[in-house]
Amino acid sequence: MLTKREIEILQLISQELTTEQIASQLKLSVPTIETHRRNMLQKTGAKSVVGLIKLAFKEGLID
């Protein structure tokens with residue numbers, strides 16, 4: 001359901017990194033990270049990043 005990049009971003013979100021920190025670490029722009037986050041919310045039907053993290057734990061996408 002999620003791409004490798006989206007899972008990578010999700011793992012960084014779960015580590016409490018900010019959008020700016022994620023963008024810097026992955027050498028991407030802030031708007032690109034925001035787009036990935038929006039896409040993940042839409043794909044999963046989660047209403048917030050907290051819901052997205054809960055789903056990721058449930059599905060074993062993150063530790």
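These numbers come from the heavy atoms of this one structure, side chains and all, not from hydrogens, waters or symmetry mates. Sequential numbering from 1 along the given sequence is applied to the chain's residues. Remember, it's a predicted structure, so these values are computed and weren't measured experimentally.
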Any residue meeting side chain to side chain donor-acceptor pair (under 3.5 Å) with Glu8, in chain and number order, not counting sequence neighbours: Arg5
Thr35: what forms a side chain to side chain donor-acceptor pair (under 3.5 Å) with it, not counting sequence neighbours? Arg38
Can you tell me how far NZ of Lys27 sits from CD1 of Ile22, rounded to the nearest 0.5 angstrom? 14.5 Å
Residue pair Thr32, Leu26: steps toward the side-chain contact (heavy atoms from CB on, under 4.5 Å) verdict: CA-CA 10 Å; Thr32 298; Leu26 298 179; over 6 Å; no
Once you round to the nearest 0.5 Å, how far does CD1 of Ile9 lie from CG of Leu17? 11.5 Å
Looking at CD of Gln25 and CG of Leu12, how far apart are the two atoms once the value is rounded to the nearest 0.5 Å? 5.0 Å
Within a 6.0 Å radius of atom CD on Glu16, are there more than 12 heavy atoms belonging to other residues, nucleotides or ligands? no
Residues 52-62 side chain polar contacts: donor-acceptor under 3.5 Å, at least two apart:
none

Distance-only criterion, 3.5 Å: show the donor-acceptor pairs between side-chain atoms of residues 42-51 and protein atoms not counting sequence neighbours.
unit_1	atom_1	unit_2	atom_2	d
Lys43	NZ	Glu6	OE1	2.9
Lys43	NZ	Glu6	OE2	3.2
Thr44	OG1	Met40	O	2.8
Thr44	OG1	Leu41	O	3.4
Thr44	OG1	Ala46	N	3.2
Ser48	OG	Val50	N	3.3
Ser48	OG	Gly51	N	3.3

Go through the structure and list residues passing salt bridge (Lys or Arg N to Asp or Glu O under 4.0 Å) with Glu34, not counting sequence neighbours. none
Contacts of Ser14 meeting side chain to side chain donor-acceptor pair (under 3.5 Å) (sequence neighbours excluded), chain-then-number -> none
